[in-house]
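What follows is one structure encoded as structure tokens, with my remarks underneath.
Computed from heavy atoms alone, side chains included, the values below leave out hydrogens, waters and symmetry copies. The model shown is predicted, which means the values in this text are computed figures rather than measured ones.
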Amino acid sequence: MANLKDIKRKISSVKNTQKTTRAMKLVSSAKLRRTEELAKRSRVYANKLTELLNEIAQKLQKNNVDGLDNVYFKDASDPKVVDIVFISADKGLCGGFNAQTLKRVNQLLSDYKAQNVKVRLRGVGRKGIDYFKFNNVDLLNEVVGLSSAPNYQDAAALINEIADSYVKGETDKIVMVHNGYVNMITQEVRQSQVLPVDPSTLKLDQVSTSELEVEPDEDDTLLEALVKRYVEYTMYYSLIDSLAAEHSARMQAMDAATNNAKEMVKTLNVKYNKARQEAITTELIEIISGMESMK
């Protein structure tokens with residue numbers, strides 16, 4: 001027979017857990033609304049920045065008979081060294097949010113290894129860093145705290161350090177992987193080529209109707225400054241996008257945990273009532289048996 005005190009203790013424990021998961025769901029919901037709004041504003045800026053970069057690059061390509069001759073736009077179809085920058089969460093309790101990102105990174109590692117390409121891994125977020133350290137995978141960068149509180153200055157400093165490595169020829173390609181926000185119930189793993197700038201993200205063959213003029217002697221300076229800002233904002237926006245997805249994933253996970261706790265309380269209550277009835281029945285049988293033995 002089940003111990004009534006043990007069952008009551010379990011019920012109390014599950015109810016406390018339910019209160020915690022419900023509170024975490026509400027906190028994540030509030031944070032998601034703020035981060036979602038920030039992501040929307042950042043997306044508008046990122047789109048405008050991409051349009052401007054496309055326009056400048058298009059005019060420079062038109063003025064150069066050999067095409068767009070710039071280190072930031074070089075061909076990276078056959079890289080020898082690739083830097084992979086991944087973004088994961090600093091905290092857990094968000095379902096499979098981090099697992100999806102790590103799965104994509106592992107797939108890239110496997111693919112590049114098969115092509116005899118050297119990969120240098122750079123991690124942002126405690127969960128991803130701990131995972132690769134546990135699996136004895138070396139990391140060139142380990143940044144903790146940035147994914148949970150995105151900051152433009154810190155994001156720019158990190159990506160500029162990586163971009164400098166690219167300009168010096170230490171790496172041929174920089175790829176970024178993160179789990180992005182689609183809506184409140186959906187996240188999507190996103191993989192983007194940061195450097196060299198992927199021509200497929202620009203429309204260099206599109207006819208421009210803009211009246212923007214670019215002075216020939218300022219071509220390199222203008223393009224480099226614009227690419228730098230483009231790369232910095234790509235990093236910053238990816239962090240915000242990842243944080244919004246993390247909050248939505250945690251909100252779903254805590255909602256599921258709250259519902260499971262509710263169902264568990266129901267099951268334990270039924271078990272408690274059955275045990276209580278069994279205890280009462282046993283006591284009645286003992287009393288009746290005692291009275292019969294006294295006759």
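- Taking the side chain as every heavy atom from C-beta outward, Ile174 and Gln193 never approach each other to under 4.5 Å.
- Using a 4.5 Å heavy-atom threshold, the side chains of Lys40 and Glu36 count as touching.
- Below 30°, between 30° and 60°, or above 60°: for Tyr152 and Tyr236 the angle between ring planes is above 60°, a perpendicular geometry.
- A salt bridge links Arg122 with Asp83: at least one charged nitrogen is closer than 4.0 Å to a carboxylate oxygen.
- In terms of heavy atoms, Asp138 sits closest to Leu121 at O-CB, 4.0 Å.
- No more than 12 heavy-atom neighbours from other residues, nucleotides or ligands sit within 6.0 angstrom of CD1 on Ile185.
- Not one N or O on the side chain of Ser12 forms a donor-acceptor pair closer than 3.5 Å with the backbone of Lys8.
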Worked check of side-chain contact (heavy atoms from CB on, under 4.5 Å) between Lys266 and Glu263 = CA-CA 5 Å; Lys266 287 182 180 179; Glu263 291 300 319; 3.9 Å; yes
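- Taken from CG in Asn98 to OG in Ser88, the straight-line distance is 5.0 Å, to the nearest 0.5 Å.
- Side-chain atoms of Thr20 come within 3.5 Å of backbone N or O of Asn16 as a donor-acceptor pair.
- Glu232 and Ile159 get closest at one heavy-atom pair: CA-CG2, 3.8 Å.
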Apply side-chain contact (heavy atoms from CB on, under 4.5 Å) to Leu139 and Phe86, showing your working.
-> CA-CA 11 Å; Leu139 296 172; Phe86 68 83; 4.1 Å; yes
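- Looking only at atom types and distance, the side chain of Asp111 has a donor-acceptor partner in the side chain of Gln107 under 3.5 Å away.
- The distance from the CZ atom of Arg104 to the CD1 atom of Ile84 is 11.0 Å, given to the nearest 0.5 Å.
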Report the C-alpha separation of Arg250 and Glu246 in whole Å, then their side-chain angles, then the decisive distance to 0.1 Å, and conclude whether the salt bridge (charged side-chain N to carboxylate O under 4.0 Å, His left out) test is met.
-> CA-CA 6 Å; Arg250 183 171 291 109; Glu246 178 189 340; 2.9 Å; yes
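- Under the 4.0 Å criterion applied to side-chain N and carboxylate O atoms, Asp255 and Lys25 are assigned as salt-bridge partners.
- The shortest non-hydrogen separation linking Ala244 to Leu32 is O-CD1, 3.3 Å.
- Closest approach of Ala261 and Val14 over heavy atoms only: O-CG1, 3.4 Å.
- Note that the OG atom of Ser28 and the CE atom of Met251 stand 8.0 Å from one another [nearest 0.5 Å].
- The shortest side-chain heavy-atom distance between Asp78 and Gln115 does not fall under the 4.5 Å cut-off.
- Among Val194, Ile87, Val85, the single residue meeting the side chain to side chain contact (heavy atoms under 4.5 Å, CB included) criterion with Ser238 is Ile87.
- More than 12 heavy-atom neighbours from other residues, nucleotides or ligands sit within 6.0 angstrom of CE on Met24.
- Hydrophobic cluster membership differs between Val124 and Leu102, with clusters built from Ile, Leu, Val, Met, Phe, Trp and Tyr side chains linked at under 4.5 angstrom.
- Ion pairing between Glu142 and Lys133 holds under the 4.0 Å rule for side-chain N and carboxylate O.
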Test side-chain contact (heavy atoms from CB on, under 4.5 Å) on Val144 and Asp90 and set out the steps.
-> CA-CA 7 Å; Val144 176; Asp90 284 319; 3.7 Å; yes
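- Under a hydrophobic clustering in which Ile, Leu, Val, Met, Phe, Trp and Tyr are joined whenever their side-chain heavy atoms come within less than 4.5 Å, directly or via other members, Val175 and Tyr72 fall into different clusters.
- Without hydrogens or angle criteria, Asn179 side chain to Thr101 main chain gives no donor-acceptor distance under 3.5 Å.
- Of all non-hydrogen atoms in Pro79 and Val117, the two that sit nearest each other are O-CG2, 3.5 Å.
- Note that NZ of Lys262 is 12.0 Å distant from NZ of Lys15, once rounded to the nearest 0.5 Å.
- Leu49 and Tyr233 make their closest contact through CD2-CB, 4.0 Å (heavy atoms, listed as atom of the first residue, atom of the second, distance).
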Steps toward side-chain contact (heavy atoms from CB on, under 4.5 Å) verdict (Leu108, Val119) | CA-CA 9 Å; Leu108 284 173; Val119 176; over 6 Å; no
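- Residues Lys118 and Lys80 are not in side-chain contact: their nearest non-hydrogen atoms beyond the backbone lie 4.5 Å or more apart.
- Looking at heavy atoms from C-beta onward, Thr171 lies in side-chain contact with Arg120 at the 4.5 angstrom threshold.
- Ion pairing between Glu37 and Arg33 fails under the 4.0 Å rule for side-chain N and carboxylate O.
- In summary, Asp6 and Arg9 engage in a salt bridge, as defined by a charged side-chain N under 4.0 Å from a carboxylate O.
- Both Tyr272 and Met264 are assigned to one and the same hydrophobic cluster, defined by single-linkage of ILVMFWY side chains at heavy-atom distances under 4.5 Å.
- Aromatic pair Tyr131/Phe134: centroids not less than 6.0 angstrom apart.
- Tyr181 has its side chain out of reach of Ser242: every pair of non-hydrogen atoms, C-beta onward, lies at least 4.5 Å apart.
- Hydrophobic clustering, with ILVMFWY side chains joined whenever heavy atoms are under 4.5 angstrom apart, keeps Leu239 apart from Ile129.
- Tyr45 and Tyr237 have their aromatic ring centers separated by at least 6.0 angstrom.
- For the pair Thr186 (side chain) and Val182 (backbone), a donor-acceptor distance under 3.5 Å is absent.
- Hydrophobic cluster membership is shared by Val177 and Val137, with clusters built from Ile, Leu, Val, Met, Phe, Trp and Tyr side chains linked at under 4.5 angstrom.
- The line from CD of Glu188 to CG of Asn183 is 10.0 Å long, rounded to the nearest 0.5 Å.
- More than 12 heavy-atom neighbours from other residues, nucleotides or ligands sit within 6.0 angstrom of CZ on Arg190.
- Without hydrogens or angle criteria, Thr258 side chain to Met254 main chain gives a donor-acceptor distance under 3.5 Å.
- In this model, no donor atom of one side chain and acceptor atom of the other lie less than 3.5 Å apart for Ser147 and Arg126.
- Put simply, CG on Asn269 and CZ on Arg276 are 12.0 Å apart, with the number rounded to the nearest 0.5 Å.
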